[in-house]
Every structure is written in structure tokens, then in C-alpha cells.
Amino acid sequence: MAYEFNVYGNIIMQTIIMITSAYFWRALYKGQTMVGDVDVDSMLTYVIMSSILSVLFITNVERRIQNSVEKGTVAADLIKPINVFGVYFAEDIGNIIALVFQNMLPIFIIGSLMIKLPEMANPKDIPLFVISVIESFLINWLVAALFGMIAFTAVNIDALIQVKKHLLRLLSGSIIPIWFFPVGVQKVLEGLPFVYIYQLPLSIYIGKGSSVEYLLQMRIQFIWLVVLSVVFFLVQNKVIRKVMVQGG
């Protein structure tokens, strides 16, 4: 709360995006009961929960890596008896705990009052939803960390971070669910890890599918988590051996 404008600014921006998206989907559904096997109430719930999850999936690891490389502190960090990426991960977890109260709760309240109460379609699927969200967070963090390692060679990746942020939300179904995309595009996106960051947990929440389908998709989600973890550790070991430091 030392930077109150940033806190309130983020809440206002998220609220504007959420309400604008809600009006967009209401206009799209005008005169229609179902679109893509999803009714308007479920789609509005999707919009609110997408905004809430976007708070959970905020990562600072890319900028943390970039700042360490720019200032030259990465060399000192690497010789400490700690895993520097473990520190970045812990910092992001701590940041999320604060954001739950600073951003997520206000967004939930505003969405419930101005759009609708985002009730879960099938409460019995709550365990699947929670597990899926945890795996989604880990996949999102690993993608961010891998992307942040570009800073070891490019140094400044500010512009790339912004491109990555918006492209990921588009490809993950956060803005527009991929079931609205052409079939060919859907198949391509389903073969990438991004769809398992937003769309899978959101689909579970609004009840688009069966428990059997969720478990099958969560199995693929877990496979992607393992693959990205392996790639992360391989790349981590490589960049640590070839650190390029600017200014120190």
C-alpha cells in the first residue's frame, strides 16, 4: 500500500477490462440462448473468473532476471548458497498472497455486484479446479521464467515482456475461449501449453465438459508441467554457465 496509485490503478484497469468484456459477450449473445455450447450466464462467469485468475498469474520473474542482469548483481546472486530462481519463485508467491487481498477480492466483489455472482457450475468439481489452477500457475511461471532468461543474452526485454503477456492471454483462452476459433486453429492451440493456463480451469469452473474430460485434459496439463520443468532446469544450467553481465 506504499504505492496506493498502483494498487487502485490496477483494480480500475482490471475492472474496465472485465466490464467491457461482459458487455461484449452480452451483445454477442443477444437473441441467442447458446453460443459454442455455452450460455450467456456461463460466459459472464468465465469473464469474471478470467479476471480473477489473471491476478493469480501475475509474475515478476522476467523483470527480476532482467534487473539482475542489467545491474550486474546476478553474478553475486549465483555464488550464494541458494537457488536464485527459487528466490524469484518465492518472491512471486509472496506477491500473489498480497494481491489476493489487494486485487482479487475487490475484483470479485465488483464483478459480483456489477455483472453477476460467479457461481461454480458443479461444486463437486472444486478439487479438480483447485489442482488445475495450481498446475496452471506453475506452467505460467515456468513459461515466464524461460522467457525471462532471454535477458541473459538480450539484456533489455521490456518490449518483449509486454508482447508475451498479451499474446499468452490471447492463446490461452483468457480473452476469447478457443472454442470460438476455427477448428484448425483450435487443434494447433490444444497442442500448446498455453491453453492449459486459463481455459482448462475456467472450463471446469463453468462446467463445460464432464469430469472424465477434465481428468484427461489435466493429464495433458501435468505432462506439459513436467516437460516445461525439464526444459527449465536444462536452460537454467546452461545460462548459469554462460552469464553475461552488464555493468558489473
Side-chain angles (χ1 to χ4, degrees), residues 14-15 17-58 96 99-100 103-140 168-183 185-187 189-190 192-225:
Q14 287 285 353
T15 299
I17 294 173
M18 179 174 62
I19 293 176
T20 301
S21 298
Y23 276 108
F24 168 79
W25 290 111
R26 278 175 174 164
L28 181 65
Y29 274 85
K30 189 174 183 179
Q32 302 184 64
T33 306
M34 304 281 287
V35 176
D37 296 327
V38 176
D39 60 31
V40 64
D41 283 341
S42 296
M43 198 63 235
L44 293 177
T45 297
Y46 189 104
V47 168
I48 297 171
M49 292 305 299
S50 177
S51 296
I52 290 173
L53 288 183
S54 69
V55 176
L56 275 180
F57 296 158
I58 290 176
I96 287 172
L99 289 174
V100 166
N103 287 53
M104 184 185 297
L105 189 57
I107 289 172
F108 175 81
I109 293 173
I110 293 171
S112 299
L113 294 176
M114 301 189 68
I115 302 175
K116 71 179 294 290
L117 182 66
E119 298 177 294
M120 189 170 187
N122 300 308
K124 64 183 179 65
D125 290 327
I126 288 178
L128 296 180
F129 174 73
V130 172
I131 294 171
S132 180
V133 168
I134 293 172
E135 292 185 355
S136 296
F137 170 79
L138 294 174
I139 289 174
N140 182 64
L168 187 145
R169 291 201 66 178
L170 177 63
L171 298 179
S172 65
S174 171
I175 301 173
I176 302 175
I178 68 166
W179 60 70
F180 289 112
F181 285 53
V183 176
V185 178
Q186 288 184 41
K187 290 182 178 179
L189 293 180
E190 286 172 356
L192 300 174
F194 312 119
V195 71
Y196 301 101
I197 296 176
Y198 277 95
Q199 183 157 300
L200 175 55
L202 290 173
S203 295
I204 295 174
Y205 196 90
I206 67 171
K208 183 174 172 40
S210 64
S211 297
V212 174
E213 292 174 331
Y214 301 151
L215 289 172
L216 179 60
Q217 292 177 39
M218 288 175 66
R219 187 182 305 171
I220 300 173
Q221 183 185 41
F222 181 75
I223 291 172
W224 269 116
L225 178 58

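Note that the structure is predicted; figures quoted are calculated from it, not measured. When reading the values below, keep in mind they use all heavy atoms of this one structure, side chains included, and skip hydrogens, waters and symmetry mates.
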Here the pair of heavy atoms bringing Y29 nearest to V40 is CE2-N, 3.6 Å
Tightest non-hydrogen contact, residues N140 and F57, listed as ND2-O, 2.9 Å
In this structure, OG1 of T45 is separated from NZ of K116 (nearest 0.5 Å) by 3.0 Å
Here the gap from L192 atom CG to S172 atom OG, rounded to the nearest 0.5 Å, amounts to 11.0 Å
Closest heavy-atom pair, V185 versus F181, reported as atoms and distance to 0.1 Å, is CG1-CD2, 3.4 Å
- Under the side-chain hydrogen bond (donor to acceptor under 3.5 Å, both in side chains) rule, what do Q221 and S136 come out as? Steps first, then yes or no, please. CA-CA 8 Å; Q221 183 185 41; S136 296; 3.0 Å; yes
When rounded to the nearest 0.5 Å, the distance separating CG of L128 from CG of N122 is 10.5 Å
Side-chain heavy-atom pair Q14, P106 within 4.5 angstrom cut-off: no
d(M18 CE, I107 CD1) to nearest 0.5 Å is 6.5 Å
CD1 of I131 to CG of D125, rounded to nearest 0.5 Å, is 11.0 Å
On a heavy-atom basis, the closest approach of P201 and L53 is CG-CD1, 4.2 Å
Scanning both residues in full, the closest heavy-atom pair of S132 with I204 reads CB-CD1, 3.9 Å
Between the CZ atom in R26 and the OG atom in S21, the distance rounded to the nearest 0.5 Å is 12.0 Å
The single option from F180, Y198, W25, W179 that satisfies ring pair (Phe, Tyr, Trp, His ring centres under 6.0 Å) with Y46 is W179
Discussion item. Is it the case that over 12 heavy atoms from other parts of the model lie below 6.0 angstrom from the CD atom of E119?
Written reply: no
Correct closest heavy-atom pair for P123 and A121 would be CD-O, 3.7 Å
message: Does any part of the side chain of V47, heavy atoms only, come nearer than 4.5 Å to the side chain of F24, both counted from C-beta?
response: no
